[in-house]
Structure formats: structure tokens, C-alpha cells
Number of protein chains: 2
Amino acid sequence: MSNVAADPETAEEDRLNRAFAALSDPLRRKLVARLAQGDATVNELAEPFSVTLQAISKHLRVLEDAGLITRSRDAQRRPCHLDSQALGRLTAWLEGYRQAAEERYSRLDALLASQEDPS
Amino acid sequence: MSNVAADPETAEEDRLNRAFAALSDPLRRKLVARLAQGDATVNELAEPFSVTLQAISKHLRVLEDAGLITRSRDAQRRPCHLDSQALGRLTAWLEGYRQAAEERYSRLDALLASQEDPS
DNA sequence: AACTTGATCAACTAAGCAGTTGAATACATC
DNA sequence: GATGTATTCAACTGCTTAGTTGATCAAGTT
């Protein structure tokens, strides 16, 4: 039942799986948005929403398992902290392919332009 | 049964839902990676994988519904094209919060440094 | 020790999704 | 018009997940 991949290559895959899946839920994205403003406890995070505290707790677990947040301890409280580096890894993945695609298109555009005007 | 949100605010939400969900699948990420190299047909995209063509077709539909790819027509073929702008919108979302978080931390670091060394 | 607050665990339900097989559609060629 | 090729549709199965309620644990308060 271990969800943790052994092989480091699939481990990175797994981390991307979880991170993107975590961000596919609008409530979890709102939690991320809130945490970007500063650390917060489960109760604080739950306050604006009309779902149960347990639901929020589960969402935070998903974010934690995805490596997007970390949690510490302050008496009974479990403050959540957004890991900006984790967000950075996602943008790095996206940007790699976006730039590759965009470069190709601009080369294609240049080719087409030279075809139209073969001075 | 319409999956398209009416209100423009939830429409953007919906687009993010679908885009992040689409990228949470490793096979779909591989399709994106392949398409970053250049447009391709369903058969070409399916070739490296051991799943059925129908499965690939479904994955492409998910990517299309998420706005990550567009599709044209060439006789029976349906070539797929990666929409780099869609990837850009995702990085924009991520970067907004990453930078906000990082800025806060650097301010906090500065504060702590000044506390340690109140010259 | 009893009580309150903060958070999680456990069990369940309803919904969604990745994959399959088999049938159907759309276009191109013979 | 029959055949082959590229792709999608339809129906089904197994697994995962968001949400709920009720119980439990952990730490501070009286």
C-alpha cells in the first residue's frame, strides 16, 4: 500500500502527479492563495468556507502529500506553510515545454515569412 | 449536462480545474512533452505507449477540454497542437502565489536578521 | 480530574475517471 | 461500391476521491 515510488525517476513523476492533482481542486487552490499571504492554522483556513473542518483537514493532507505545504506544531495548532520552491518546480516543468513549443512556432513563423518574401 | 460555466469568474476557475487535472496524469504529461516537439496525430502519439488507441483518444480529449491542445483536420487525421499560451496561463497562476510567498519570506528574513544584529 | 479547543481518524456514500472491448463514423483509394 | 485507415462512440469495470457524520486524540484551562 506504499504510495511512495522507490525509483527516483518515478518518484519525481509521482510528485508531479500529486502536485498537479492537488491544484486541480478550486478549494485547494484557494487554500494555496490564502497561504501565500502567510502561514495559518486549520481553523483559520476553514473559516471562509462552508464545508466541515474535516474536509479542510483532508485537503491540507493532500497538499502536504504533494509537497506543496509543510506543517509545524504550536500547542494544539498545526500551522500550514506554503512551500514556494514546490510551486517553482511546477513552473519549471511547464516553462520547459512552453518555451520549446514557442521556439518552434517562432522558427516556423520565420520560415513562412521567408517563403512569402523570398527576396 | 453542460460542463461550461456561465459566469466568467467560474469559467476561469473551471479552466484551471481542468488544466491542472489534465496534467496530473503522467501519460498526459508525456503527450504534452511529445507535442512540445511538434504537432502529431493520434496514431503517432499512441505509438510509444502500450495502451489502446481509444485510451489515447480519451486523454487527448481531456487535454483539449482543458484548452491545452487544439486539433485540426487533415483527411482522416486529427493532428494535435500544443497551446503554449495555455501553459503560460498556468505558470502565471503559480508564479503569482510563489512570488507573493517568497517576498514575504525574504521580508521576514530581513526582519530576523535585523533583530539578531540591531546595530 | 473535568472541560474546552484544535485537529485527526474511521466508516460510509455519491461521483468521477482510466482503462478495456466492440461497434460505428469519416475520409481515401481501388 | 467495396476496402482500408484514422479516429471516435458506447457500455462496462475497478479504483480513487470529495464530502459527510460520529468518535478519538492531544494540549491547554479551570
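It should be emphasised that the depicted structure is a prediction, and the values quoted were computed from it without experimental measurement.
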Minimum side-chain heavy-atom gap [X]-[Y] below 4.5 Å:
X	Y	value
Val62(A)	Arg28(A)	yes
Glu12(A)	Leu16(A)	yes
Asn17(A)	Pro26(B)	yes
Ile56(A)	Val42(A)	yes
Glu95(B)	Glu102(B)	no
Leu23(A)	Leu90(B)	no
Leu87(A)	Thr91(A)	no
Cys80(A)	Asp39(A)	no

I need the full list of ring-ring contact (aromatic ring centres under 6.0 Å, His included) pairs touching residues 34-93 of chain B, with sequence neighbours left out, sorted by first then second residue.
Tyr105(A)-His81(B), Phe20(B)-Trp93(B), Trp93(B)-Tyr97(B)
Within residues 60-71 of chain B, which residues have any heavy atom lying less than 4.0 Å from an atom of DNA chain D?
Arg71(B)
Could you list by number each residue of residues 32-51 of chain A showing a heavy-atom separation from DNA chain D of less than 4.0 Å, or answer none if no residue does?
Val51(A)
Just how large is the angle between the end axes of the helix from dA1(C)-dT30(D) to dC30(C)-dG1(D), five pairs per end, to 10 degrees?
10°
Should the heavy atoms of other residues, nucleotides or ligands under 6.0 Å from CD of Glu44(B) be counted, would the total exceed 12?
yes
Rounded to whole angstroms, how far apart are [atom1] on [X] and [atom2] on [N]?
X	N	atom1	atom2	value
Lys58(B)	dT8(D)	NZ	P	13 Å
Asn17(A)	dC15(D)	CG	P	18 Å
Ile56(B)	dG19(C)	CD1	P	8 Å
Leu53(B)	dA10(D)	CG	P	17 Å

Heavy-atom closest contact (Leu68(B) atom, Ala19(B) atom, distance)
CD1-O, 4.0 Å
Give a yes or no on whether a salt bridge exists between Arg29(B) and Asp25(B), defined as a side-chain N under 4.0 angstrom from a carboxylate O.
no
Partner set under salt bridge (charged side-chain N to carboxylate O under 4.0 Å, His left out) for Arg73(A), not counting sequence neighbours
none
Give the B/S/- string for nucleotides 21-27 of chain D, one per nucleotide from 5' to 3', where a protein heavy atom under 4.0 Å of the base yields B, of only the sugar-phosphate yields S, and otherwise -.
BB----B
